[in-house]
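Numbered from 1 within each chain, the chains take letters A, B, ... in sequence-line order.
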Amino acid sequence: MATATRYVGKPLKRKEDPRLIQGAAHYVDDIELHGALHLGIVRSPYAHARIRSIDTARARNAPGVLAVLTAEDVRAIGPIPCAAQIPDLKPAPRLVLATDTARFVGEGVAAVVAADRYRLRDALDLVEVDYEALPAVVDPEKALRKDSPRVHAGLADNVAYRWELEGGDLKKAFRQADRIVKLRITNQRLIPMAMEPRAVLARFEPGEDRLTLWSSSQIPHILRTQIAAMLKFPETGVYVIVPEVGGGFGSKLNVYPEEALACHLAMKLGKPVRWTETRRENFLCTIHGRDQIAEMEFAVKRDGALLGLRARILADLGAYYQLLTPLIPTLTGLMIGGCYRIPSLRVEITGVLTNKMATDAYRGAGRPEATYFIERSMDYLAAELKKDPVELRRKNMPLPKEFPYATATGLIYDTANYQGALDLALKKVAYKKLRRDQAALRKKGRWIGIGLSSYVEICALGPSSAMPAGGWESATVRIEPTGRVRVLTGSSPHGQGEETSFAQIAADFIGVSPDDVTVVHGDTSAVPYGIGTFGSRTLAVGGTAIYHCLEKLRDKLLKIAGHLLQDDPVKLELRDKKIFLKRDPKKSIALGEVIGAAYTAKTLPAGVAPGLEATDFYEPSNFTFPFGTHVAVVEVDPETGGTKLLKYVAVDDCGKVVNPLLVEGQVQGGIAQSIGQVFLEEAVFDEQGQLLTGELMDYAVPRAADIPWIESFRTVTPTPVNPLGAKGVGEAGTIGATPALVNAVVDALAHLGVRHLDMPLKNERVWKAIREASAPAAGKGKRSK
Amino acid sequence: MKLEGRYTLPAAPAAVWERLNDPAILAKSLPGVESLEPDGPDRYRARIQYRVGAISGNFVGTVELSEKKPPHSMRLKTSARGAPGFFNGDGRLALAAKGAETEVRYAGEIQVGGMLAALGQRMVESAARKSIEEFFQVLAASLKPSPG
Amino acid sequence: MIPAAFEYFAPKSLDEALRLVDRHGGEAKLLAGGHSLLPLMKLRLAAPRYVIDLGRVRALRSIREEGGRLVVGALATHADIESSDLVRLKCPLLAETASEIGDVQVRNRGTIGGSLAHADPAADYPAAVLALDAEIVAASNSATRTIPAAEFFVDLLTTALRPGEILTEIRLPVAGRQAGAAYRKLHQPASGFALVGIAARLSLDSAGRIVSIGLGVTGVAVRAYRATAAEQALASKKPNPKLVADAAAKVAEGVEPLADIHASAAYRRASAAVYARRAIEAALLRAAGKKT
Amino acid sequence: MGVEIGVQVNGKTCQNEIEPRMLLVHYLRDVLGLTGTHIGCETTLCGACTVLVDGRAVKSCTMLAVQADGSEITTIEGLAAAPEAAGGLHPVQEGFWEKHGLQCGYCTPGMILTAVQLLHDNPNPTRAEIRRALAGNLCRCTGYQHIVEAVEYAAKKLRARKR
């Protein structure tokens with residue numbers, strides 16, 4: 001940055017915290033509107049059923065009930081939007097309430113509105129739905145069979161799309177290979193489980209034709225546009241407000257039926273209508289993540305050089321498409337080669353429909369899957385080729401001087417020093433000593449495993465050419481007459497802390513304190529149209545838009561100051577609320593005076609307009625590609641299969657850092673979610689499509705004691721893509737950690753001949769692998785499931 | 001989930017068969033059934049108040065006998081729905097004389113949905129086994145000559 | 001997540017509570033800490049017409065020593081038991097078991113009486129009360145009776161309590177000299193309940209022989225049980241590692257283990273043996289006055 | 001139908017007639033308007049609704065408001081009035097701010113109140129003890145490490161004050 005960085009790079013305490021630690025923040029459900037009614041949804045208990053009839057009479061007559069609606073009553077509302085553009089994607093439209101067929105457990109079939117939560121809950125049980133259960137298809141591989149039940153009767157089969165990507169000469173690679181190594185890996189379905197369930201509040205003011213929607217969302221503007229389209233209501237009359245949001249992880253990067261239903265009902269009933277998701281609903285009908293199966297096939301040289309990779313990925317999309325559902329697996333495809341030189345590559349993706357809730361973006365969205373597939377494979381390859389996993393990785397990593405690096409999938413990696421991150425991680429974890437300790441302990445019957453993962457991810461989504469609904473971001477920065485700075489961002493942070501990091505950037509530019517800066521987000525009537533917060537884009541893309549505004553404002557301030565000081569603006573500097581001559585700091589003018597001049601507009605230089613406001617719509621020229629190496633050390637209990645994390649070292653390179661405290665928080669939180677995926681989490685369905693992990697009593701997310709002390713380090717390779725040099729870090733932890741953890745457990749069992757295990761590595765799965773590998777008949781070296 | 005097992009009843013197959021086809025006995029033996037009303041041949045409408053410990057729920061549904069081969073085998077289907085969700089049971093009963101007694105082998109499938117599937121997961125199988133056990137116990141009691 | 005409506009009573013004495021139970025019978029549920037009943041009511045898997053809240057019957061919360069036994073009132077919370085100096089001194093196994101239940105907040109509200117009466121197959125206390133040969137006291141309008149722990153857990157969620165009875169207290173033998181006990185538990189990672197929970201209690205004679213032993217098992221079967229085969233394998237013997245391991249291997253003998261998505265029957269059986277061995281080893285160390 | 005209850009909430013006497021089935025968390029949020037206490041599940045597992053009832057951490061979604069009759073309740077809104085806060089933030093609140101112990105903030109009130117009880121019972125906890133004490137509070141953002149540091153910060157500060 002051209003300006004002196006007094007605040008950027010410093011671990012400032014967050015500006016958003018005082019309200020949050022005192023219970024003074026407002027999440028949607030905390031907002032009180034006079035006379036607000038409560039909406040509830042009657043949901044299908046069947047994964048696949050024909051709805052024969054719905055009897056609403058009893059519910060309608062129950063105390064406190066104002067309305068009961070079925071699909072018939074909401075025909076005017078358009079379908080749930082899907083923005084993903086995939087060639088030849090089969091149609092699988094979802095309406096806000098199921099018409100004649102329910103296609104997953106939890107799909108809404110009727111809506112009830114009552115005066116309060118208690119009456120509502122009573123009335124939901126009184127809606128009588130007559131279902132005819134239909135055969136459900138739950139397993140994505142079975143869904144591909146010819147005789148499988150079809151999720152959508154109108155389609156010929158359950159294949160939603162096939163997508164291919166090829167680069168380099170794969171045939172040649174396989175011809176020249178010394179070895180062909182194959183591995184099948186699954187990345188199980190997860191439930192995002194943000195702490196705040198979704199919540200919606202809608203108000204219609206007929207006099208003003210104003211429809212206001214408060215929603216716990218990551219994408220206020222996209223939501224506004226889509227709601228206007230679904231309800232056929234003028235977008236200029238729709239006001240979306242996203243107040244405090246209790247976590248999203250992608251699950252709130254979507255448009256859901258309840259948002260449209262609440263708006264529709266608020267208009268119909270003339271009273272505000274709110275809907276608050278229960279945790280069970282959150283598990284059943286907020287998007288799920290991952291759920292991909294990969295068949296990896298490598299062409300390798302005996303010395304470990306990778307020649308080619310053929311990856312076949314089966315992605316379980318669920319019953320319908322949410323906003324980005326079909327797109328997510330293609331991100332896996334783009335990143336499948338990881339941080340390696342793989343000259344030829346072919347990815348074949350099959351998106352399949354099943355009778356389950358849709359999958360969509362969950363923290364990392366396609367990249368954790370890609371990284372897991374390639375990094376798990378690297379350890380597998382190392383074992384097959386009898387090489388050290390570190391050396392196999394190092395051998396195939398492009399060197400720093402090779403960047404920008406064009407991958408066989410057609411991406412241009414901006415910049416990197418993979419070896420640097422790897423070396424630092426090995427040093428911090430004392431790798432060589434660790435290996436010696438491991439060998440010594442194994443002799444004593446203690447099974448320690450060391451797992452490694454070197455990752456590259458794709459962030460700062462992204463150039464609009466590669467994004468379904470635009471990849472730019474907007475900002476307006478305004479210096480108010482009193483000298484307060486207002487930053488209006490199209491991004492929609494919900495826990496990441498950009499109220500602080502954006503204020504740090506603004507404070508440095510304008511020469512004020514971060515306390516003088518207010519960051520506004522989430523209110524579509526206040527901030528310019530924006531894309532939202534996801535894909536580790538808020539700082540790198542949203543922050544750059546702000547950067548550009550600040551540049552313009554600073555130049556304008558200097559121009560006015562130059563005029564007032566009668567000196568050349570280029571010789572001036574702005575710091576500590578003062579503008580002064582660089583070579584003679586005593587010659588200065590107070591910032592307030594310059595701001596005053598901008599607003600009173602009596603002494604402005606020629607050609608300078610009054611006011612101090614700048615707006616920017618920033619279109620990034622490329623993605624950014626953060627990278628790093630994580631190392632995990634685990635111990636396995638030979639008797640029970642129990643696993644214990646002994647040590648965790650993360651080295652991440654997210655480019656330049658604005659606030660290290662926030663980066664640390666993102667990395668640690670992401671690793672914790674990986675620990676969840678690796679050891680605890682899995683959405684388990686029975687054969688009929690019932691979600692058996694439908695509450696927190698059966699779906700385990702990590703608790704404090706499940707997480708080891710995380711030692712986190714950074715290398716800094718600024719990206720040339722944006723002037724902040726920042727790449728994004730929101731998802732790095734979930735991307736880097738998963739393979740490191742699984743590799744560690746497999747390594748702990750390596751002496752038994754175990755080469756691969758599928759997640760989640762619950763005690764029993766590990767125990768079974770130990771038993772099977774130890775059993776004399778089982779034959780060592782076999783894969784175990 | 002699949003369940004199977006066997007139970008010995010203190011009477012000859014013919015007597016057991018008769019009991020199994022008597023709606024009054026069925027209503028008494030099927031756990032939680034409060035009433036069975038005929039709804040076509042070998043088909044009944046059932047009101048069920050199911051209870052296990054502190055857990056309880058009201059259901060309405062059907063009980064159906066089919067594929068009858070007297071006195072050897074039949075298929076017994078129940079399906080019921082209520083606020084806590086639904087459950088379906090579909091089982092085959094095979095009767096075989098074992099001395100003066102009858103051994104009933106059963107094999108079938110239980111399916112639950114809704115809240116029952118979510119919370120009850122841990123207990124559904126146990127509760128189902130318990131229900132089958134109760135069913136046979138009551139049936140057995142009905143076959144014993146009443147004292148006096 | 002909202003219970004169905006009910007009529008509410010908050011009796012101030014046991015007599016008043018017993019009269020209410022008598023009057024409302026099968027349509028009433030007793031509420032102690034509410035950590036078994038309220039979750040079911042919120043999910044509407046229980047919808048009693050009457051709720052009788054025992055929370056005001058303060059006398060039921062006492063913990064005292066009486067006639068050489070430790071007496072724990074039904075309303076004593078897990079936190080009361082975990083932190084009671086008296087329990088820790090006289091019956092450390094019960095305190096250790098209490099400390100393994102749920103989390104801090106659950107232990108602050110949940111009660112021993114509520115937990116035992118609910119008889120969840122994966123609850124922790126049943127293992128301890130079985131191992132300890134505790135007695136469970138049940139009062140009714142007409143009489144008060146004592147139920148041995150071994151007869152208390154009848155079936156899935158079903159106890160020997162009769163309609164009209166209120167579980168009032170638990171009577172436990174006081175730990176003697178050269179006695180040791182331990183509770184070892186494999187947690188269900190989501191709910192914190194026991195996939196396997198083994199309470200081992202034993203005492204040694206001067207020659208180091210096991211003169212008395214109790215092994216209570218929870219989580220493994222539809223109801224908690226005493227692992228008698230394993231106990232017999234150790235009774236009157238001088239323990240060595242092999243003997244202990246062989247005995248522990250019998251802990252689920254003759255039992256049909258539960259199976260669910262968290263653990264298959266085979267894994268429950270295998271883990272029960274491992275945790276039983278660990279519990280017995282810890283109890284032996286403690287009996288020998290060593291730290292574990 | 002309604003039952004009369006009286007409770008002290010954050011030092012204020014509150015008397016209301018409520019349905020017996022009303023959960024304490026709904027009483028606090030919907031009747032008293034104290035929305036700092038959050039709801040994150042219905043199975044007593046997430047801890048977002050934790051408040052102090054007579055000084056002990058309790059999940060207010062698994063307690064009927066009538067059960068709280070006669071109790072003293074502290075919610076996150078009332079914590080700064082505690083004597084330990086000395087007119088400013090409570091040291092645990094301060095720790096969460098200083099150590100970046102929160103991101104989205106949804107679990108934070110419950111997390112803070114649970115930590116308050118921990119430090120009352122155990123003024124000098126180890127990291128393992130802190131993690132164990134927070135077993136009933138889920139956080140999906142932070143990975144808990146900064147929360148552990150926040151509690152350590154508060155413990156240190158509270159000990160220094162007592163000296």
After noting the C-alpha distance and the side-chain angles of L45(D) and R703(A), does the key distance pass the side-chain contact (heavy atoms from CB on, under 4.5 Å) rule? CA-CA 11 Å; L45(D) 284 159; R703(A) 293 182 160 91; 3.6 Å; yes

Between K156(D) and E149(D), does at least one N-O distance fall below 4.0 Å, as a salt bridge requires? no

Taking side chain as C-beta onward, heavy atoms only, is L138(D) less than 4.5 Å from M195(A)? yes

Option among S216(A), S492(A), S215(A) that satisfies the side-chain contact (heavy atoms from CB on, under 4.5 Å) test with K252(A): S216(A)

Only pairs of heavy atoms separated by less than 4.5 Å count here; which of R363(A), M193(A), H494(A) has the most with chain D? M193(A)

Is chain A contacted by the side chain of D30(D), its backbone, both, or neither, given a heavy-atom distance below 4.5 Å? side chain

Tell me the closest heavy-atom pair linking A672(A) and P702(A), and the distance in Å. O-CG, 3.3 Å

Is R19(A) in contact with chain D via its backbone, its side chain, both, or neither, using a 4.5 Å heavy-atom distance? neither

Can you tell which part of P192(A) gets under 4.5 Å to a heavy atom of chain D, answering side chain, backbone, both or neither? backbone

H38(D) portion near chain A, given a 4.5 angstrom heavy-atom threshold: side chain

I'd like to know whether Q8(D) forms a side-chain contact (heavy atoms from CB on, under 4.5 Å) with C14(D), so could you lay out the CA-CA distance, the side-chain angles of the two residues, the decisive distance to 0.1 Å, and finally the verdict. CA-CA 6 Å; Q8(D) 289 271 322; C14(D) 305; over 6 Å; no

Is the closest side-chain donor-acceptor distance between S251(A) and T286(A) under 3.5 Å? no

Flag the pair C285(A) / R43(A) as yes when at least one side-chain heavy-atom distance between them is below 4.5 Å, and no otherwise. yes

Side chain to side chain donor-acceptor pair (under 3.5 Å) assessment of Y362(A) paired with H288(A): CA-CA 7 Å; Y362(A) 168 55; H288(A) 296 168; over 6 Å; no

For chain D, which candidate among I675(A), L20(A), V667(A) shows the most heavy-atom pairs at distances under 4.5 Å? L20(A)

Region of A24(A) in contact with chain D, defined by heavy-atom distances below 4.5 Å: neither

Is the shortest side-chain N to carboxylate O distance from K644(A) to D706(A) below 4.0 Å? no

Heavy-atom cut-off 4.5 Å, strictly under: side chain, backbone, both or neither for I31(A) against chain D? neither

Starting from the C-alpha separation in whole Å, work towards a yes-or-no answer on side-chain contact (heavy atoms from CB on, under 4.5 Å) for E681(A) and Q673(A). CA-CA 9 Å; E681(A) 298 181 38; Q673(A) 277 178 348; 5.5 Å; no

Interface moiety of N282(A) toward chain D, non-hydrogen atoms closer than 4.5 Å: neither

Chain A contact residues among residues 83-104 of chain D, heavy-atom distance under 4.5 Å: L89(D), Q93(D), F96(D), W97(D), E98(D), H100(D), L102(D), Q103(D), C104(D)

Please determine whether a side-chain nitrogen of the Lys or Arg among R198(A) and E281(A) lies less than 4.0 Å from a carboxylate oxygen of the Asp or Glu. no

Where does Q666(A) contact chain D at under 4.5 Å (heavy atoms): side chain, backbone, both or neither? both

Side chain, backbone, both or neither: which part of E196(A) has an atom under 4.5 Å from a heavy atom of chain D? both

Roughly how far, to the nearest 0.5 Å, is CD of Q668(A) from CD1 of I710(A)? 5.5 Å

Any ion pair linking D122(A) and R21(D) (charged N to carboxylate O, less than 4.0 Å)? yes

Full working for side chain to side chain donor-acceptor pair (under 3.5 Å) between T533(A) and Q218(A): CA-CA 6 Å; T533(A) 286; Q218(A) 298 173 234; over 6 Å; no

Can you check whether L539(A) reaches F502(A) side chain to side chain, under 4.5 Å on heavy atoms? yes

Side chain, backbone, both or neither: which part of E664(A) has a non-hydrogen atom closer than 4.5 Å to chain D? both

Contacting region of I707(A) [heavy-atom separation from chain D under 4.5 Å]: both

T142(D), part contacting chain A, at a heavy-atom distance under 4.5 Å: backbone

When every non-hydrogen atom of P368(A) is compared with those of T734(A), the smallest separation belongs to CB-O, 4.0 Å

Give the member of G105(D), P109(D), A48(D) that has the highest number of heavy-atom pairs under 4.5 Å with chain A. G105(D)

Does any heavy atom of chain D fall under 4.5 Å from the side chain of Y27(A), the backbone, both, or neither of them? side chain

Salt bridge present between E19(D) and R119(A) (N-O < 4.0 angstrom): yes

Which residues in residues 56-82 of chain D have a heavy atom less than 4.5 Å from any heavy atom of chain A? I76(D), E77(D)

Is there a side-chain contact (heavy atoms from CB on, under 4.5 Å) between Q496(A) and L662(A) once you walk through the steps? CA-CA 7 Å; Q496(A) 296 87 346; L662(A) 301 183; over 6 Å; no

Can you tell which part of Y144(D) gets under 4.5 Å to a heavy atom of chain A, answering side chain, backbone, both or neither? side chain

P493(A) portion near chain D, given a 4.5 angstrom heavy-atom threshold: neither

Could you pull out all residues at least two apart from T693(A) that satisfy side chain to side chain donor-acceptor pair (under 3.5 Å)? none

For chain D, which candidate among E16(A), E277(A), R117(A) shows the most heavy-atom pairs at distances under 4.5 Å? R117(A)

When the 4.5 angstrom heavy-atom criterion is applied to F283(A) and chain D, the contacting part is neither

Start with the C-alpha gap between T276(A) and D29(A), add the side-chain angles, then the distance that decides, and say whether side chain to side chain donor-acceptor pair (under 3.5 Å) holds. CA-CA 7 Å; T276(A) 310; D29(A) 205 40; 2.8 Å; yes

Which of residues 113-132 of chain D have a heavy atom under 4.5 Å from any heavy atom of chain A? R127(D), R131(D)

M111(D), part contacting chain A, at a heavy-atom distance under 4.5 Å: neither

Which heavy atom in M22(D) sits nearest to a heavy atom in Y118(A), and how many Å separate them? CA-OH, 3.3 Å

So N659(A) and Q504(A), side chain to side chain donor-acceptor pair (under 3.5 Å) or not? Walk me through it. CA-CA 8 Å; N659(A) 185 328; Q504(A) 288 174 263; 3.0 Å; yes

